[in-house]
Amino acid sequence: MLKEGHQMTEGTHPSTVINIRSDTTVPDHVVWSLFNTLFFNWCCLGFVAYAYSVKSRDRKMVGDVVGAQAYASTAKCLNICALVTSILFFVATIVIVVLNIAAIAQAIPH
């Protein structure tokens, strides 16, 4: 009698079938992408990141872990780019406004 996982056919040697279940969780970054889409959508990077996040989630649902990781990695890079460029743009805007206010304040005679 053969153990579970072993198969025997006529004229062949016994073979072992090993099923490896992948419990690796792939973060799809959907929430981060949605946040960037709504608040930091510099050059539509947030929207593109959201599209890649949804593709990653779809691949994960199908069971394609490698494809899900590839899409998630792209979404992560796009989210980082969107966040950094938006923060730099925001800081630059504040600096320009403060410098203009200072220049106007100096130009007004007291």
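Looking only at distances, a side-chain donor or acceptor of T85 sits under 3.5 Å from a matching main-chain atom of A82.
Residues passing the salt bridge (Lys or Arg N to Asp or Glu O under 4.0 Å) test with D58, sequence neighbours excluded: none. Applying the side-chain contact (heavy atoms from CB on, under 4.5 Å) rule to L38 yields the partners L34; only residues at least two apart in sequence or on another chain are considered. Here N79 pairs with S33, N36 under the side chain to side chain donor-acceptor pair (under 3.5 Å) rule; sequence neighbours left out. In this structure, the side-chain contact (heavy atoms from CB on, under 4.5 Å) partners of K76, at least two apart in sequence or on a different chain, are H29, W32, I80. Taking the side-chain contact (heavy atoms from CB on, under 4.5 Å) definition, one finds that V48 meets it with Y52, L78, sequence neighbours left out.
When every heavy atom of N41 is checked against every heavy atom of L45, the shortest pair comes out as OD1-N, 3.7 Å. The heavy-atom pair separating S56 from P27 by the smallest distance is OG-O, 4.5 Å.
In the hydrophobic clustering, where aliphatic and aromatic side chains (Ile, Leu, Val, Met, Phe, Trp, Tyr) are joined below 4.5 Å either directly or transitively, F47 stands alone. As a member of the Ile/Leu/Val/Met/Phe/Trp/Tyr network built from side-chain separations under 4.5 Å, I104 groups with I108.
Under the 4.5 Å side-chain heavy-atom criterion for grouping Ile, Leu, Val, Met, Phe, Trp and Tyr, V26 is not connected to V31 through any hydrophobic cluster. Under the 4.5 Å side-chain heavy-atom criterion for grouping Ile, Leu, Val, Met, Phe, Trp and Tyr, V30 is connected to F35 within one hydrophobic cluster.
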Just distance, no hydrogens or angles: give the donor-acceptor pairs under 3.5 Å from side chains in residues 90-103, sequence neighbours left out.
from: T93; atom 1: OG1; to: F89; atom 2: O; distance (Å): 2.8
from: N100; atom 1: ND2; to: I96; atom 2: O; distance (Å): 3.3

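Legend: salt bridge (charged side-chain N to carboxylate O under 4.0 Å, His left out) pairs involving residues 27-49, not counting sequence neighbours, sorted by first then second residue: D28-R57, D28-K60.
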